[in-house]
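Accompanying notes for the structure given below.
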There are 2 protein chains.
Amino acid sequence: MDKEEQESRCEQCIIRQFNALRAMSKEELKKVSDSKMVRKIKKGESIFEEGEKLNGVFCVRNGVSKLSKLSANGKDQIVKLATKGEVMGQRSVIAEEHSNLSAVAVNDMEVCYIPKESIVHTLKSNPDFTVEVLRHMAHDLREADDVIVNMSQKTVKQRVAEAFLYLKNNFGEDKEGFLMLTLSREDIANVVGTATESCIRIISEFRKKGFLKTSGKRIGIADERKLQDLVEGF
Amino acid sequence: MDKEEQESRCEQCIIRQFNALRAMSKEELKKVSDSKMVRKIKKGESIFEEGEKLNGVFCVRNGVSKLSKLSANGKDQIVKLATKGEVMGQRSVIAEEHSNLSAVAVNDMEVCYIPKESIVHTLKSNPDFTVEVLRHMAHDLREADDVIVNMSQKTVKQRVAEAFLYLKNNFGEDKEGFLMLTLSREDIANVVGTATESCIRIISEFRKKGFLKTSGKRIGIADERKLQDLVEGF
DNA sequence: ACATAGATATGATAATTGTCAGCTTTTCAA
DNA sequence: TTGAAAAGCTGACAATTATCATATCTATGT
């Protein structure tokens, strides 16, 4: 077993610590590892589509994927950004429904595809694993509730401010102080649920006020305190 | 065992068919039944509050409860309406977090309080039950995703129209054609995520256009087709 | 029945947000 | 390197939605 092959064994995979797979037994993990497939996905490529029947889940090893849903007016609403260690598609596999979301790579990615059999079998036989999955889903549900409240009770400006704080806290910033995860203005608008132009306008405003700094499409947070105040309604 | 006592046994409870309790064994159910407490709650009374630590879950036997979250601007956002057969508080119990939502009775209710021990123990030992809970939570999560998209991509008018269709489909209407579940205009506004005045205005408009009919605070759907068209953007 | 608090209704106005059009800058592949 | 094409930006304007003020109705307890 060479180095690369070794690293691609689930048993050795560090990523696993962040998700429910850590509750699997050695034997179960071995099965998963044997049945999984590593896939490289380029920026902009689709991983799965809304309405598609998923026969497995995707575990993110590297990169970021946007999970979105097309609305009647033709705009995508980004519901979640999935990053290293997160599992995509588990909701659909568990509920045995077609996917309610599309997944598209925001940058180059590496994901493991795990056929549902490996998962479903363990769900039925290893309660620790099932409870662990349940915990993760409970967490996702709480986050979704929070998003609902933000969407309906906060202004667009507050939501934009919050989005940048979220990006900083979850993806970090480089040495120059720019956000590690660079999204297009359109993607930001789709996270926030607003028109691209409105989003751009607000970013400009924040830049003029010294809350943000920009360089091309890169954006950095210049005054976190002020952004935070804005989110909280001051 | 008299009739009332018999009906209050979980083993006999029909409600159970609608939730994850149906996956419990006879013995497990007996334990739950012995530890549960039936509680009557009057309209407007609170069942639990946001931030409260829940030591059990609430199974709705009768009536409807609104699950809401207070936003920074002082308004409640109603995230879900829980009705007969639904279990409230399970997310918090499973995630071992304080509740992220408040539950208030919309009309007179009867709920069973089930201490978390009965649940948690079964979660660890009966995978069928755990998977069933997981399925329900997966379903809730999907619904939450849909709400996010609606909130951020639909106009207030569309959301109001959708809310009435939802109320009709989930709670039905009486012989006169009024919705069985009567919510105050303020509650409707809090479901839709808008100002109470805006909500009232839109209801008036819909009445004038013949989409709805009203009688005091009761509201009925007069033209489902037109409401549906509106939701879909015509 | 009646008073009254709370809910519903409506107008006027302000603030927010979306849409369309046109322009400039950046990005990326030939 | 360069020239489309895409992304970013800005102005003007329209549409939507919130806010405040005030009036009317209605449910509820006494």
Side-chain angles (χ1 to χ4, degrees), chain A residues 42-45 71-77 104 106-108 150-161 163 178-179 182-209 212-220 230-231 233, chain B residues 42-44 71-77 104 106-108 150-161 163-164 178-179 182-209 212-220 230-231 233:
Chain A
K42 288 217 197 71
K43 175 176 174 175
E45 275 182 17
S71 74
N73 63 16
K75 276 189 195 159
D76 261 334
Q77 174 64 38
V104 173
V106 169
N107 42 35
D108 290 353
N150 283 340
M151 285 297 175
S152 47
Q153 304 282 358
K154 293 206 163 107
T155 64
V156 174
K157 217 173 277 191
Q158 288 177 309
R159 270 142 52 200
V160 172
F178 290 103
L179 294 169
T182 298
L183 294 176
S184 70
R185 306 294 197 261
E186 187 180 3
D187 278 345
I188 298 169
N190 289 346
V191 166
V192 166
T194 189
T196 307
E197 296 95 322
S198 299
C199 182
I200 289 174
R201 233 183 278 276
I202 289 169
I203 291 172
S204 293
E205 184 192 330
F206 285 176
R207 182 171 34 71
K208 282 172 197 153
K209 286 187 175 163
L212 295 177
K213 58 181 176 181
T214 66
S215 162
K217 62 187 308 174
R218 292 190 307 159
I219 295 178
L230 212 156
V231 170
Chain B
K42 290 218 196 71
K43 176 178 172 173
S71 76
N73 63 16
K75 275 188 196 159
D76 262 333
Q77 174 64 37
V104 172
V106 168
N107 43 34
D108 290 354
N150 283 339
M151 285 297 176
S152 46
Q153 303 283 0
K154 293 205 163 108
T155 65
V156 173
K157 219 174 273 190
Q158 288 176 309
R159 271 143 50 200
V160 171
F164 285 117
F178 289 102
L179 293 168
T182 299
L183 294 175
S184 70
R185 307 292 198 262
E186 187 180 3
D187 278 344
I188 298 169
N190 289 345
V191 167
V192 165
T194 189
T196 307
E197 297 95 320
S198 299
C199 181
I200 288 174
R201 235 182 277 278
I202 289 169
I203 291 172
S204 293
E205 184 193 329
F206 285 175
R207 182 171 34 71
K208 282 171 196 152
K209 285 187 176 162
L212 295 176
K213 58 182 176 179
T214 66
S215 161
K217 63 186 309 173
R218 291 190 306 160
I219 295 177
L230 212 155
V231 170

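Naming convention: chains lettered A, B, ... in sequence-line order (proteins, then strands); numbering from 1 in each chain.
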Taking any heavy-atom pair under 4.0 Å as a contact, classify B:S184: base, sugar-phosphate, or nothing. sugar-phosphate
Counting the atoms with a prime plus P, OP1 and OP2 as sugar-phosphate, which does A:S204 contact under 4.0 Å by heavy atoms, base, sugar-phosphate, or nothing?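 Sugar-phosphate: the residue A:S204, judged by heavy atoms under 4.0 Å, touches backbone atoms but no base.
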Counted 5' to 3', the first and last nucleotides of DNA chain C within 4.0 Å (strictly under) of a heavy-atom of chain A are C:dT17 to C:dC20
Quick one: does [X]'s side chain get under 4.5 Å of [Y]'s, heavy atoms only?
{"X": "B:I188", "Y": "B:I219", "value": "yes"}
{"X": "A:S152", "Y": "B:M151", "value": "yes"}
{"X": "B:R218", "Y": "B:L179", "value": "no"}
{"X": "A:V160", "Y": "A:R201", "value": "no"}
{"X": "A:T196", "Y": "A:I200", "value": "yes"}

Nearest-Å distance, [atom1] ([X]) to [atom2] ([N])?
{"X": "B:E197", "N": "D:dT17", "atom1": "CD", "atom2": "C1'", "result": "11 Å"}
{"X": "B:M151", "N": "D:dT16", "atom1": "CE", "atom2": "P", "result": "19 Å"}
{"X": "B:K154", "N": "D:dT16", "atom1": "NZ", "atom2": "C1'", "result": "17 Å"}
{"X": "A:I202", "N": "D:dT10", "atom1": "CD1", "atom2": "C1'", "result": "14 Å"}
{"X": "B:R201", "N": "D:dT17", "atom1": "CZ", "atom2": "P", "result": "12 Å"}
{"X": "A:I203", "N": "D:dC9", "atom1": "CD1", "atom2": "P", "result": "7 Å"}
{"X": "B:K75", "N": "D:dT17", "atom1": "NZ", "atom2": "C1'", "result": "10 Å"}
{"X": "A:K217", "N": "D:dA5", "atom1": "NZ", "atom2": "C1'", "result": "13 Å"}

Start at the 5' end of DNA chain D and walk down; is the nucleotide closest to B:V156 or to A:R185 reached first?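 The residue mapped nearer the 5' terminus is A:R185.
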If you assign B:K43 and B:T194 each to the DNA chain D nucleotide with the nearest heavy atom, which residue ends up on the more 5' nucleotide? B:T194
For B:K157, I'd like to know if atom NZ has over 12 heavy atoms of other residues, nucleotides or ligands within 6.0 Å.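 12 or below, so no.
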Measure across A:K154 and A:V231 and return the closest heavy-atom pair with its distance rounded to 0.1 Å.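 A:K154 and A:V231 have their closest heavy atoms at CE-O, 3.5 Å.
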DNA chain C: A:G216 or A:R159, which has the more 5' nearest nucleotide? A:R159
